[in-house]
Each structure stands twice: as C-alpha cells, then as structure tokens.
Amino acid sequence: MYPSRFRYEAPRSIDEAIALLQQGSGEAKVLAGGQSLVPLLKLRFAAPELLVDINGLPGLAYHKVDADGTIRIGALCRHADLERSTILPARQPTMAAAAPLVADPIVRNRGTLVGSLCHADPQGDWASVVTALGGYVVAQGSRGRRNIPMADFVAGPFETVLDYDELAVEAVIPAPKGTPHGGYLKLERRVGDFATAGAAVAVEMSGATVTRAGIALTGVGGSTINATDAAQALVGGPLSADRITYAADLAAQAAEPRTDHRGSAEYKRQIVRTFVQRILSRVQQPTERAA
Ligand SMILES: Cc1cc2nc3c(=O)[nH]c(=O)nc-3n(C[C@H](O)[C@H](O)[C@H](O)COP(=O)(O)OP(=O)(O)OC[C@H]3O[C@@H](n4cnc5c(N)ncnc54)[C@H](O)[C@@H]3O)c2cc1C
C-alpha cells in the first residue's frame, strides 16, 4: 500500500524543525531513521499531514562521553554507530550488550536509539536499557528544553509524553557512581526479530557492594517494565547467589507477559528470571585480597 499524501520538509536547524512541528499542530511527525515510521505510513496506521525529516540537522549524529562519565546519544546516532562504538565496551556494558541485538544489520544502519525511545514500542530494546541505566531524554520545543526521565517518558504503548512541537534531541545516561557492570539478554524467535522477552540489567559496584542497580524488561507488558523492587533488592550488599536469585524472582514477578504465538505467559516469566540471574551471575566481582 502507498502512504497517504503528506507534505515533506527537511529543516536545516533544530529551531526550524520545532517551528515546523508547531505549524503541524499535532498532525506532523518527525522522521529519523524511518525504520518504524515508514512501515506505519505504508500500512496507513499513521497518516500525518507533514513529515519533518531531521536527517539533515547538523551535529546530532554523535555518541560521546563527558569528562564526568555521562554518556550522550544524539538524535541521529544510528544503532550501528552504537554497535561499532569504541566507547561503550569499556564504559557501558549494558548498552554494549544490547547494540548488536537490535533488529538486523539493515535496520541498524538507519534506525536511531532516540527514535526507538520515541516510538515507545513495548518490544523496543533501547527503552529497557535506558530505563535500567536511569537515563533520560532531552526534549526541545517552543518552550525550551527539558529533561524527561526514561521511567516517565512512555505514556503507554507507542505513546510518549513529548508535546507535539517537541523534538527529542538526545538521550543521556548519567555517569556511574561505581564500577558499571551488567548486560542485556533477549530471546528472539530468529535473528533480527523483536524480543519474545528481554532483560536489561545494570549494576554499579563499589568493591563487592552494589551501590546502584536497575532492571528493566522488554516485551513482557504493555510498556517497558521498570522492575524497581528487583533492582532495589540488590543495593547495599554483594552479588551473592541468594541475593541474585531473590532479585531474579522479583523481576519475574514484575513481568506482565501475555500468552501469544511467541510463548506462554509462564514461559516468558521464566525467561525473565533466567536472564536476570544469568546476567548478574556473570558479573566479575573483585576477588578478596589474600591476608
Ligand atoms: C524489520 C525490523 C525489525 C526491527 N526489530 C527491532 C528489534 O528487534 N528491536 C527494536 O528495539 N527495534 C526493532 N525495530 C525498530 C527499529 O529499531 C527502529 O529503528 C526504531 O524503533 C525507530 O528508530 P528510527 O530512527 O527508525 O525512528 P523512525 O521510524 O523515524 O520514528 C519512529 C517514531 O519516533 C518518532 N521520532 C523519531 N525520532 C524522533 C525525535 N528525535 N524526536 C521526536 N520524535 C521522534 C517518529 O515521529 C515516529 O513516531 C525493527 C524495525 C524493523 C523494520
């Protein structure tokens, strides 16, 4: 099917993009990588009057680290940039683990992390990762800039709290206060598929003690699930086997999976339990110094 008719604009600055979104009065859509929006247009599930293509905006294709360790991902940073990143493997293991698991190489070449957050698909991998890392989205609109914590960014399936004239300009991962550990695991029916179930786990450690933890789940609820009780159960102690098992059980309880063609609810819950346990069990803990 062909998309409905729309006006196409390719602004050259963020201000121009915001002015166009304002003109659109809620009938405009931002086009980033197009990997989610274009299929929706072709199926006519979305029929915007105006497409604001941000691919020509200068200076948004970055991912970088501030001096204090904060990671910033610009709105035009592609999944493939993160997959090939030389920054992430040493700095941010949860992101580094997720990057090669998002979709397939073709989609990763065009799709963006920020676009994935804005698309708010309950099966979107990056939303779980950014939630687990306590990240936020920087939105810019006619009333200026604001930071929206990822945990508050999604209003429901495929819906965010962005105003119609706001552009998400970057996603930010705050600097870790301890040594970052963690990972992302995803069960997919075949390579490149959306998650049957996925788990993002991020812990920060000072010595053998967990000082901060985040656990978020993909594809097992109406939105990304922030398993705060499971994460909180890890803080203040070591990653002992019983604490890991307890946190994994709490994460499984937090999941709200539905039985469908990908598997039964109980199966998906068990996947969550296994993934959280597996990621935490792989964390290399400091060995005690010999007396
Ligand atoms: C075959 C296939 C398989 C896929 N598999 C997976 C998968 O396994 N896991 C996964 O997570 N995703 C998957 N995706 C989705 C893919 O990751 C998309 O790239 C991503 O969801 C959207 O990013 P985009 O840059 O392409 O956004 P677009 O498609 O351009 O936009 C998506 C939505 O976000 C809005 N938007 C985009 N950028 C901004 C911005 N800066 N400010 C405000 N609004 C914005 C758009 O208006 C639109 O509503 C798959 C897609 C395809 C086609």
Side-chain angles (χ1 to χ4, degrees), residues 3 6 8-11 14 17-18 20-21 24 26-43 45-57 59-61 73-83 95 98-131 137-141 145-146 148 153-155 157-171 184-198 200 216 218-219 223-224 262:
F6 55 81
Y8 172 87
E9 297 283 353
I14 292 177
I18 292 167
L20 284 163
L21 291 174
E27 298 302 326
K29 277 263 171 212
V30 172
L31 175 70
Q35 297 304 300
S36 296
L37 184 54
V38 170
L40 290 179
L41 295 177
K42 291 186 82 172
L43 291 166
F45 287 143
E49 289 172 6
L50 169 64
L51 268 198
V52 180
D53 181 348
I54 61 170
N55 286 279
L57 298 187
L60 289 180
I73 303 108
L76 290 174
C77 175
R78 315 284 166 180
H79 306 311
D81 299 330
L82 298 169
E83 184 184 12
M95 289 187 75
L101 300 181
V102 176
D104 55 49
I106 298 168
V107 173
R108 290 201 290 273
N109 280 337
R110 291 297 303 164
T112 63
L113 177 145
V114 171
S116 175
L117 303 183
C118 293
H119 186 53
D121 187 332
Q123 286 173 307
D125 297 299
W126 286 123
S128 295
V129 171
V130 177
T131 301
V137 173
V138 179
Q140 187 170 336
R145 278 197 175 209
R146 62 178 177 138
I148 309 169
F153 186 66
V154 174
F158 305 101
E159 207 184 325
T160 71
V161 298
L162 283 176
D163 283 338
Y164 70 82
D165 67 348
E166 279 184 315
L167 186 69
V169 289
E170 66 175 5
Y184 186 70
L185 287 173
K186 167 180 178 179
L187 179 72
E188 46 195 355
R189 289 174 305 171
R190 56 182 178 273
V191 172
D193 197 6
F194 284 95
T196 297
T218 313
S223 313
T224 301
R262 293 170 196 259

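All ligand and atom numbering here is 1-based and tracks the order in the structure.
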Inset, instruction - Keeping the roles fixed (side chain from Arg108, backbone from Pro100), state whether a donor-acceptor pair exists under 3.5 Å. - result: yes
Legend entry - Among Ala168, Ser116, Pro48, Gly33, closest by any non-hydrogen atom to atom 23 (O) of ligand 1: Ser116
Legend entry - Side chain, backbone, both or neither: the part of Glu170 lying under 4.0 Å from ligand 1 by heavy atom: neither
Inset, instruction - Kindly assign one of parallel, tilted or perpendicular to the pair Phe158 and His119, based on the angle between their ring planes and the thresholds 30° and 60°. - result: perpendicular
Inset, instruction - Please write down residue, atom name and distance for the protein heavy atom closest to atom 9 (N) of ligand 1. - result: Asp125 OD2, 2.7 Å
Inset, instruction - Would you give the length of the straight line joining atom CD of Glu27 to atom CG of Leu50, rounded to the nearest 0.5 angstrom? - result: 10.0 Å
Legend entry - Nearest protein heavy atom with distance in Å, relative to atom 53 (C) of ligand 1: Gln35 O, 3.2 Å
Legend entry - Heavy atom of the protein closest to atom 21 (O) of ligand 1 (residue, atom name, distance): Ser36 OG, 2.9 Å
Legend entry - Short side-chain to backbone donor-acceptor contact, Glu83 and Ala99, under 3.5 Å: no
Legend entry - Atom pair CD1/CG of Ile148 and Leu117 - distance to nearest 0.5 Å: 11.0 Å
Legend entry - Proximal ligand 1 atoms for Val114, defined as those under 4.0 Å from one of its heavy atoms: 41 (N)
Inset, instruction - Using a strict 4.0 Å cut-off to heavy atoms of Gly124, name the atoms of ligand 1 that fall inside it. - result: 11 (O)
Legend entry - Within-cut-off N or O pair, Leu37 and ligand 1, under 3.5 Å: yes
Legend entry - Gap between atom CZ of Arg145 and atom CD1 of Ile14 - 0.5 Å precision: 6.0 Å
Inset, instruction - For the pair Thr224 and Val154, evaluate side chain to side chain contact (heavy atoms under 4.5 Å, CB included) and give the outcome as yes or no after the intermediate values. - result: CA-CA 8 Å; Thr224 301; Val154 174; 5.6 Å; no
Legend entry - Test applied, side-chain contact (heavy atoms from CB on, under 4.5 Å); reference residue, Leu167; option that passes from Val138, Leu20, Val30, Val52: Val30
Legend entry - Full working for side chain to side chain contact (heavy atoms under 4.5 Å, CB included) between Cys77 and Leu82: CA-CA 8 Å; Cys77 175; Leu82 298 169; 3.7 Å; yes
Legend entry - Subset of ligand 1 atoms that lie under 4.0 Å from at least one heavy atom of Lys29: 47 (O), 49 (O)
Inset, instruction - Have a look at ligand 1 and work out which part of Val107, if any, has a heavy atom under 4.0 Å from it: side chain, backbone, both or neither. - result: side chain
Inset, instruction - Just jot down the ligand 1 atoms closer than 4.0 angstrom to any heavy atom of Leu162, in number order. - result: 43 (C)
Inset, instruction - Under the side chain to side chain contact (heavy atoms under 4.5 Å, CB included) rule, what do Phe194 and Asp121 come out as? Steps first, then yes or no, please. - result: CA-CA 10 Å; Phe194 284 95; Asp121 187 332; 3.7 Å; yes
Inset, instruction - Return yes if some donor-acceptor pair links the side-chain N/O of Asn109 with the main-chain N/O of Ile106 below 3.5 Å, else return no. - result: no
Legend entry - Side-chain touch Val38/Pro3, heavy atoms, less than 4.5 angstrom: no
Inset, instruction - Give the single entry among Cys77, Cys118, Ser128 that approaches atom 36 (N) of ligand 1 most closely by any heavy atom. - result: Cys118
Inset, instruction - List every atom of ligand 1 that sits less than 4.0 Å from any heavy atom of Ile54, numbering the atoms from 1 in the order shown and giving each element. - result: 41 (N)
Legend entry - Minimum-distance protein heavy atom relative to atom 5 (N) of ligand 1: Ala103 CB, 3.2 Å
Legend entry - Heavy-atom nearest neighbour in the protein, as seen from atom 8 (O) of ligand 1, with distance rounded to 0.1 Å: Lys186 NZ, 2.8 Å
Inset, instruction - May I ask you to identify the nearest protein heavy atom to atom 47 (O) of ligand 1, giving residue, atom name and distance to one decimal place in Å? - result: Val30 O, 2.6 Å
Legend entry - Protein heavy-atom partner closest to atom 17 (O) of ligand 1 - residue, atom, separation in Å: His79 NE2, 3.0 Å
Legend entry - Lys186 side-chain N/O to Leu101 backbone N/O, donor-acceptor pair under 3.5 Å: yes
Inset, instruction - Run the contact test for Gly34 against ligand 1 with a 4.0 Å cut-off on heavy atoms, strictly below, and give the result. - result: yes
Inset, instruction - May I ask you to identify, for Thr112, whether its side chain, its backbone, both or neither come under 4.0 Å of ligand 1 on a heavy-atom basis? - result: both
Legend entry - Within reach of ligand 1, part of Asp193 (heavy-atom separation under 4.0 Å): backbone
Legend entry - Gap separating the CD atom of Glu170 from the CG atom of Leu113, nearest 0.5 angstrom: 11.5 Å
Inset, instruction - Determine whether the side chain, the backbone, both or neither of Glu188 has a heavy atom under 4.0 Å from any heavy atom of ligand 1. - result: neither
Inset, instruction - Would you kindly specify which portion of Val169 sits under 4.0 Å from ligand 1, judged on non-hydrogen atoms: side chain, backbone, both or neither? - result: neither
Inset, instruction - Looking only at protein heavy atoms, identify the closest one to atom 50 (C) of ligand 1 and say how far it is in Å. - result: Phe194 CZ, 3.4 Å
